[in-house]
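First the structure, in the form of structure tokens, and then the observations on it.
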Amino acid sequence: MADSSVVVTRFAPSPTGYLHVGGARTALFNWLLARHTGGRFLLRIEDTDVARSTQQACDQLIDDLRWLGLGWDNAELVYQSRRIEIYNRIIDELIARGLAYKAYETKEVLDRLWHAAQRAKRQYRYVRPRLTDEQIRQFQAEGRPHVVRLAMPVKEYRFDDVVLGANQGVGPGEVQDFIIRKSDGMPTYHFAVVVDDAEAGVTHILRGQEHLLNTVNHIALQEALGYARPTYGHLPIIMNSDGSKMSKRDRDKKIRERVGQWIRSGKKTAEQMAQETGIDPQRFSAWLPDKTGNDSNPLQLDLGEQASVMKMMGMGRGDLPEILIHDFRENGYLPEVLLNFLSLLGWSPGGDRERMSVAEMVELFSLDRIGKSNAKFARDKLLAFNTEACASAPMPRMLAAFRDYLSVNPDSLLNNADDAALEKVLKMNHGFHLLREVDEKSRFLFMRDDQIELQGDAVEKVLKKNENQGANALREILAILSGLSSWTAHEIELAVKGYCDRTQLGLGKVAQPIRVAVSGSTVSPPIFETLEFLGKPSTIARIEKCLANL
RNA sequence: GGCCCCGUCGUCUAGAGGCCUAGGACACGGCCCUUUCACGGCCGCGACACGGGUUCGAAUCCCGUCGGGGUCACCA
């Protein structure tokens, strides 16, 4: 067990999907506390929900954490699912000491009681049945399924919270015997978390405020097991900008919404969709929204299924709410920027300080500056942070970030570019918000000359309007460019501007036709640098092809 | 509904009784810059939820109201 003077924090996600912003914020705060105090930060996998936990999700979680740079100090990862014997031994001891007991009500019975309580507008509370010794012996002999509940001492449970203040908790009227082992033999979250934290010597637990009342159960367990009570801090909850609670479900929900629209509008039937996406039709129809439109369906598609549904409907990444850390990575945010932004959701270093490096966050972090009120997650500011950070980051950092972006966007044409080319692309797009933007705005540079598709409205507006004014200028410019012996942005600029002076045309009247010819659209990096990058042969070829196609 | 938490500009927040005619950032509006999309520069708009106290003095303390959120699972 660790030296009690050292702070030990942990992040204990359950592997049911990618890391999302709420989880990342929790991980960050625990990590910052450990790093600030010179303590330890541990990572543990809470996979006691066998039905929902997957190894794939676990790997993704770890990948996301690594990307963020939140490193953990335990060499071996703790998986709760591999510690069942330990939990069972302790639970058996609790039963033997009379501090916990087996309860034989079925799920159905409990559900019925709960519904009855709801109808009567009463709060549901489990009451331990008084079983005779005879009944107990009989149930045991039958091997009847059961759960184990903690015989919770009825009293007041109070604790001091470093965020919310002293004296949190509930009175004796609010406690009930909760389940510590499920009928499938797995411990519940409450039990495993208390045992594991105690064994690992965790001293500080920062978690979301939705756990506030769980703490009561955890304290009762700690008292029953003779464990020390760690310091608790319950973080404000991160909400969507519409005020609803943010969750991984939002992504699934959005897709479900769109699918619902398609079906209602008769675009495709559910059966067709299931077939096209290769999802089991029964599973697919169970997932569909109900007719009432209120979406309370707990079933979610896994990430692979989501991807195929999106593909079928032509949805892009931009159509999804950015909830997952992975989304931010795919869109080209810098991890240090995301951490900076996340740190400000519920915490502030004080004064007007906002922009911080990771090292500065570590230095400035303190528990007493964590706020109490929930925060809405609005990306605008994050985007602005990213823009500024990308503009001021040193080139090697941006190059590394771009390579990382490309690694999670394998379809990008820019994967073919060497570092020198990427550096040029980064420079000519200076002032961009996201790496995705650089990617999309520069992909024409990496296409073959015959792959450029001219956008109809761009051709119309820039080339054909006013009796082919643009196209005529383009023809003359083509001749000038063809005659250039030196192909640098500067030389090209001199030549084009010279033409503008002679013809009394504004630069825009000349630059836009060139832009459309070489890129296919009205948007590109600055035109002279673009042409230099393309090189003379490509530039000439693209302009000629464009003129020929008019 | 019971219990619990929270309540400063649209958003994230600074503010710990006088420093506040409430500061910053993002967003928004205007102007400037400009070969496109952007970037950038300048200016502006904009909040102490409401009502009572306490006090010479309250965004800051107390009470009530209202509003938002959490929780009440064999999910974590």
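At a cut-off of 3.5 Å, with distance as the only test, no side-chain donor of A:Gln176 or A:Tyr124 sits close to an acceptor on the other residue. There is no side-chain donor-acceptor pair under 3.5 Å between A:Tyr189 and A:Glu46.
Heavy-atom nearest nucleotides on RNA chain B were determined for A:Leu110 and for A:Val170, and the one closer to the 5' end corresponds to A:Val170. Mapping A:Glu437 and A:Lys107 onto RNA chain B by nearest heavy atom places A:Glu437 closer to the 5' end of the strand.
The residue A:Leu344 sits close only to the backbone: its heavy atoms come under 4.0 Å of sugar-phosphate atoms, none of a base. At a threshold of 4.0 angstrom between heavy atoms, the contacts of A:Thr48 are confined to the sugar-phosphate backbone, with no base atom among them. Among the protein residues, A:Glu105 comes within range of the nucleic acid bases, having at least one heavy atom under 4.0 Å from a base atom. If you check every strand for non-hydrogen atoms under 4.0 Å, A:Thr522 touches a base. Nucleic acid contact for A:Pro525: base, since at least one base atom lies under 4.0 Å from a heavy atom of the residue. Contacts of A:Asp111 with the nucleic acid, taken as non-hydrogen atoms under 4.0 Å apart, are absent. Within the 4.0 angstrom heavy-atom criterion, no nucleotide atom of any strand lies near A:Gly208. When heavy atoms are screened at a 4.0 angstrom cut-off, A:Pro236 is found touching no nucleic acid atom at all. Among the atoms of the strands shown, none is found under 4.0 Å from any heavy atom of A:Ser343. Among the heavy atoms of the strands lying under 4.0 Å from A:Leu345 are primed sugar atoms or P, OP1, OP2 only; no base atom is included. Among the heavy atoms of the strands, none lies under 4.0 Å from A:Phe178.
Rounded to the nearest Å, the gap between the P atom of B:rU54 and that of B:rA58 is 11 Å. Taking the C1' atoms as reference points, B:rG24 lies 14 Å from B:rA47, given to the whole Å. Of the C1' atoms belonging to B:rU8 and B:rG23, the separation is 12 Å, rounded to the nearest Å. Here, B:rG18 and B:rC61 have their C1' atoms 15 Å apart, quoted to the whole Å. If you take atom C1' in B:rA14 and the same atom in B:rC50, they sit 24 Å apart, rounded to whole Å. The separation of B:rG7 from B:rU11, taken at their P atoms, amounts to 14 Å, rounded to a whole angstrom. Across B:rU60 and B:rU13, the matching C1' atoms stand 16 Å from one another, rounded to whole Å. A distance of about 16 Å separates the C1' atoms of B:rG10 and B:rC48, rounded to the whole Å.
At a cut-off of 3.5 angstrom, counting only N and O atoms as typed in the model, there is a donor on one side and an acceptor on the other between the side-chain of A:Glu354 and the base of B:rG24.
Shown here for A:Met186 and A:Val50, the closest heavy-atom pair between the two residues is CG-CG2, 4.3 Å.
Taking a pair to require two hydrogen-bonding distances under 3.5 Å in either a Watson-Crick or a G-U wobble arrangement, B:rG10 pairs with B:rC26. Nucleotide B:rC72 forms a Watson-Crick or G-U wobble pair with B:rG1, both donor-acceptor distances falling under 3.5 Å. Taking a pair to require two hydrogen-bonding distances under 3.5 Å in either a Watson-Crick or a G-U wobble arrangement, B:rC45 remains unpaired. Across the strands present, B:rA16 finds no partner; the criterion is a Watson-Crick or G-U wobble pair with both atom distances under 3.5 angstrom. Shown here, B:rU60 forms no base pair; nothing in the strands shown gives a Watson-Crick or G-U wobble contact with both key distances under 3.5 Å. In this structure, B:rC37 forms no base pair with any nucleotide, since neither Watson-Crick nor G-U wobble geometry is met with both distances under 3.5 Å.
Listed nucleotides: B:rA76, B:rU35, B:rG24. Nearest to the side chain of A:Arg515: B:rU35. In this structure, of B:rC4, B:rA25, B:rG69, it is B:rA25 that holds the atom nearest to the side chain of A:Lys381. When each of B:rC74, B:rA27, B:rG70 is scored by its nearest atom to the side-chain atoms of A:Ile237, the top-ranked nucleotide is B:rG70. When distances are taken from the side chain of A:Tyr189 to each of B:rA76, B:rU35, B:rC75, the shortest belongs to B:rA76. Across B:rU35, B:rU13, B:rU11, the shortest atom-to-atom separation from the side chain of A:Ser348 is found for B:rU13.
Taking the centre and axis of the six-membered ring of A:Phe385, the NZ or CZ atom of A:Arg355 falls inside the cone set by 45° and 6.0 Å.
For the segment residues 366-375 of chain A, residues with any heavy atom less than 4.0 angstrom from an atom of RNA chain B are, sorted by number, A:Arg369, A:Lys372, A:Ser373, A:Asn374, A:Ala375.
Aromatic rings from A:Phe341 and A:Phe377 are positioned such that their centres are separated by under 6.0 Å. Aromatic ring centroids of A:Phe191 and A:His218 lie 6.0 Å or more apart. A:His146 has its ring centre no less than 6.0 Å from the ring centre of A:Phe139.
Ring geometry for A:Tyr405 against A:Phe402 counts as tilted: the plane angle lies between 30° and 60°, on a 0 to 90° scale.
Summarising the geometry, the separation between CG on A:Leu213 and P on B:rU71 is reported as 9 Å, rounded to the nearest angstrom.
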For nucleotides 42-46 of chain B, print each protein N/O atom paired with a nucleotide N/O atom at under 3.5 Å, atom names and distance only.
none

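In this structure, A:Glu142 places its CD atom where more than 12 heavy-atom neighbours from other residues, nucleotides or ligands lie under 6.0 Å away. Heavy-atom contacts from other residues, nucleotides or ligands closer than 6.0 Å to CZ of A:Arg475 number more than 12.
A salt bridge does not link A:Arg112 to A:Glu108: none of the charged nitrogens lies less than 4.0 Å from a carboxylate oxygen. A salt bridge links A:Glu336 with A:Arg397: at least one charged nitrogen is closer than 4.0 Å to a carboxylate oxygen.
In this view, A:Phe365 and A:Phe29, A:Trp347 satisfy the ring pair (Phe, Tyr, Trp, His ring centres under 6.0 Å) rule, not counting sequence neighbours.
In this model, the phosphate group of B:rC72 is not approached by any side-chain N or O of A:Trp114 to a distance below 4.0 Å at OP1 or OP2. Between B:rA76 and A:Lys182, a contact under 4.0 Å exists linking OP1 or OP2 to a side-chain N or O. Contact between the side-chain N/O atoms of A:His433 and the OP1/OP2 oxygens of B:rA38 is not found at any separation under 4.0 Å.
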